[in-house]
There are 2 protein chains.
Amino acid sequence: MTARTPSRTLGESVRDIPEATVARLPVYLRALNTLAEAGTRTCSSEELATAAGVNSAKLRKDLSYLGSYGTRGVGYDVDYLRYQIAREIGVTQDWPVVIVGIGNLGHALANYSGFRSRGFRVVALLDADHSRHGEVVAGVDVRAFDDLEEIVSTHGVAIGVIAAPAAAAQDVADRMVACGITSILNFAPSVISVPDGVDVRKVDLSIELQILAYHEQRKAQLS
Amino acid sequence: MTARTPSRTLGESVRDIPEATVARLPVYLRALNTLAEAGTRTCSSEELATAAGVNSAKLRKDLSYLGSYGTRGVGYDVDYLRYQIAREIGVTQDWPVVIVGIGNLGHALANYSGFRSRGFRVVALLDADHSRHGEVVAGVDVRAFDDLEEIVSTHGVAIGVIAAPAAAAQDVADRMVACGITSILNFAPSVISVPDGVDVRKVDLSIELQILAYHEQRKAQLS
DNA sequence: AAGAGTTTGTGAACGGGGGCACAAAACGAG
DNA sequence: CTCGTTTTGTGCCCCCGTTCACAAACTCTT
Ligand SMILES: NC(=O)c1ccc[n+]([C@@H]2O[C@H](COP(=O)([O-])OP(=O)(O)OC[C@H]3O[C@@H](n4cnc5c(N)ncnc54)[C@H](O)[C@@H]3O)[C@@H](O)[C@H]2O)c1
Ligand SMILES: NC(=O)c1ccc[n+]([C@@H]2O[C@H](COP(=O)([O-])OP(=O)(O)OC[C@H]3O[C@@H](n4cnc5c(N)ncnc54)[C@H](O)[C@@H]3O)[C@@H](O)[C@H]2O)c1
């Protein structure tokens with residue numbers, strides 16, 4: 001709780017939400033959306049926690065970082081809480097996104113409808129392979145990787161997705177950063193390094209399977 | 001996540017490796033493979049840590065849970081360490097895997113070569129949609145979801161991947177568990193519940209993007 | 001053989017996060 | 001208004017994981 005984020009110029013406005021909580025807020029949001037679709041107007045922390053698959057005390061503590069949006073003895077107003085979480089995460093606005101590497105995975109991502117429905121809009125699909133240019137995937141043209149800079153500045157893109165081979169990932173990341181992208185989601189199985197101020201999250205399928213394999217092997221050893 | 005495993009019947013054989021360490025071992029393994037391909041025979045914890053993108057003290061502590069495989073003043077033998085990690089994770093053997101839901105994502109996964117190269121073999125592709133049956137993806141037939149039980153028992157499948165819609169995920173998981181699958185990798189954006197002894201890991205693209213959006217919004221608020 | 005230089009393995013301190021349990025707050029009934 | 005019921009918000013404690021820092025162990029040189 002000391003040196004973190006040294007000077008903050010604006011009042012005390014920007015609250016500090018624990019990383020673990022940030023990672024769960026989208027889960028709560030999804031659960032609330034499901035409840036709202038089912039016509040539920042109000043819910044207790046217990047109900048919401050069950051729907052989200054977490055402990056109710058943890059849920060309440062998480063929500064308390066956003067403010068005091070519940071009513072004791074009653075619970076939470078589903079729509080109100082939904083809005084508050086969406087605002088906190090930043091998905092009340094639309095985020096333009098570019099995807100680089102339109103192979104097997106890139107196609108699947110481009111066709112994924114869950115993007116748009118959660119506040120993300122794919123504004124460009126880029127690939128280094130000339131033979132792919134001009135192809136239309138999910139209504140978007142596949143364009144040359146060199147168009148990155150123009151697209152980023154035109155649309156004000158802050159988030160980039162890497163679905164290129166591991167060998168190209170660092171290069172792609174460097175180019176993204178040079179264009180002004182400050183958040184990267186990396187699907188390539190490689191460690192990429194970026195300057196301070198740029199966030200990288202990685203999704204690594206093989207690692208997930210290997211973790212499962214480890215536990216599986218362990219179960220087998222116990223018998 | 002995993003059941004607590006209270007009593008341990010066998011001697012003291014099965015070491016307890018922290019979950020956080022387990023999640024990093026595959027990263028180390030990948031870095032070692034890259035080093036080996038480059039002809040490196042030996043490496044220090046500092047080098048390996050850099051390649052893996054972690055702190056060297058953390059790397060050494062992680063490796064120390066496996067045993068004492070380094071040489072002070074020298075470092076680690078790349079091939080030897082590679083084997084030890086692979087053995088510990090359980091990827092010296094081949095793990096048969098089934099994928100359920102062969103839509104956009106399922107196709108990409110089935111075509112992913114990173115599977116086989118890391119000790120996982122896709123033995124079946126299953127889909128509830130009859131019109132997809134008989135299609136061949138990456139050399140494997142798409143078959144009826146009802147064939148699950150037969151396939152699992154024939155091949156001794158322990159690991160299942162869910163790439164079906166969120167609405168179907170819980171059903172698919174239940175069927176998997178009923179057939180004897182004890183590890184599930186879930187790509188559907190829904191919370192699934194399983195009995196003790198079954199491990200579930202989820203990969204949720206939208207959540208990753210929302211986490212990035214949160215930080216992106218925060219960066220914007222600071223200016 | 002001894003000393004200088006390297007690098008591992010780990011004890012110890014620290015910080016974040018999880019969960020219990022309870023006081024505070026809202027609400028309804030009488 | 002008062003009492004009983006419900007449910008939130010949070011203080012407190014404990015555990016896990018991270019990092020520092022150093023002694024132990026090994027190599028190489030002289
Ligand atoms: N397919 C999967 O299910 C899957 C799963 C997990 C991870 N991944 C990873 O995702 C990445 C993509 O996988 P894939 O199966 O789609 O591979 P792919 O070979 O089908 O597609 C890669 C695409 O990237 C393009 N590309 C290559 N170099 C590029 C560059 N420098 N700039 C821009 N584009 C470039 C290629 O032209 C190709 O279209 C890989 O790193 C892979 O390891 C894939
Ligand atoms: N496409 C992506 O990039 C992406 C990314 C992240 C998450 N996801 C998630 O992965 C899942 C699959 O996405 P998709 O884009 O491939 O969807 P999709 O609609 O293209 O494919 C879903 C497939 O599942 C099959 N299916 C439906 N019900 C089934 C059942 N009960 N049993 C077996 N199979 C069944 C359908 O016939 C279809 O072939 C979804 O839950 C989606 O939210 C997709």
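Atom set for the values below is all heavy atoms of this structure, side chains included, hydrogens, waters and symmetry mates excluded. Within every chain, numbering begins at 1; the chains are lettered A, B, ... in the order of the sequence lines, protein sequences first and strands thereafter.
The base of D:dT8 lies close enough to the side chain of A:Arg72 for a donor and an acceptor atom to sit less than 3.5 Å apart. Residue-to-nucleotide contacts include a donor-acceptor pair under 3.5 Å from the side chain of A:Lys61 to the base of C:dG19.
At a threshold of 4.0 angstrom between heavy atoms, the contacts of A:Glu46 with the nucleic acid are absent. As judged by a 4.0 angstrom heavy-atom cut-off over every strand, A:Ser68 is placed among residues touching the sugar-phosphate backbone only. Nucleic acid contact class of A:Ala57 (heavy atoms, under 4.0 Å, all strands): base. A:Tyr65 comes within contact range of no nucleotide atom at all, as no heavy-atom separation falls under 4.0 Å.
A side-chain N or O of B:Arg87 and one of B:Gln84 form a donor-acceptor pair less than 3.5 Å apart. Side chains of B:Asn33 and B:Glu37: a donor-acceptor N/O pair is absent below 3.5 angstrom, by distance only.
Place A:Lys58 and A:Thr71 on DNA chain C by their nearest nucleotides, and A:Lys58 ends up nearer the 5' end. Comparing A:Val74 and B:Ser45 against DNA chain C, the residue whose closest nucleotide sits nearer the 5' end is B:Ser45.
The environment of CD in B:Glu149 is sparse: at most 12 heavy-atom neighbours from other residues, nucleotides or ligands sit within 6.0 Å.
Side-chain N/O atoms of B:Tyr76 include none lying less than 4.0 angstrom from OP1 or OP2 on C:dT6. Proximity of B:Asn55 to the phosphate of D:dG17: no side-chain N or O atom is located under 4.0 Å from OP1 or OP2. An OP1 or OP2 oxygen of D:dA24 is reached within less than 4.0 angstrom by no side-chain nitrogen or oxygen of B:Arg60.
Rounded to a whole Å, the OH atom of A:Tyr69 is 19 Å from the P atom of C:dA25. Atom CG in B:Leu59 sits about 15 Å away from atom C1' in D:dG17, given to the nearest Å. For the pair A:Ile17 CD1 and C:dG16 P, the interatomic distance rounds to 15 Å; values are reported in whole Å. If you measure from atom CZ of A:Arg24 to atom P of C:dG16, you get 15 Å, rounded to the nearest angstrom. Atom P of nucleotide D:dT8 and atom CG of A:Leu63 are separated by 9 Å, given to the nearest angstrom. Taking atom CD of residue B:Glu19 and atom C1' of nucleotide D:dC15, one finds them 15 Å apart after rounding to whole Å. Regarding A:Leu81, its CG atom lies at a distance of 13 Å from the C1' atom of D:dT8, rounded to whole Å. Taking atom CD of B:Gln84 as the reference point, atom C1' of C:dT8 lies 16 Å away to the nearest angstrom.
Of all heavy-atom pairs spanning A:Cys43 and A:Leu48, the tightest one is SG-CB, 4.1 Å.
The CG atom of A:Leu209 lies 5.0 Å from the CG atom of A:Leu205; values are rounded to the nearest 0.5 Å.
With C:dG19, D:dG17, C:dT8 as the candidates, the nucleotide lying closest to the side chain of B:Pro18 is D:dG17.
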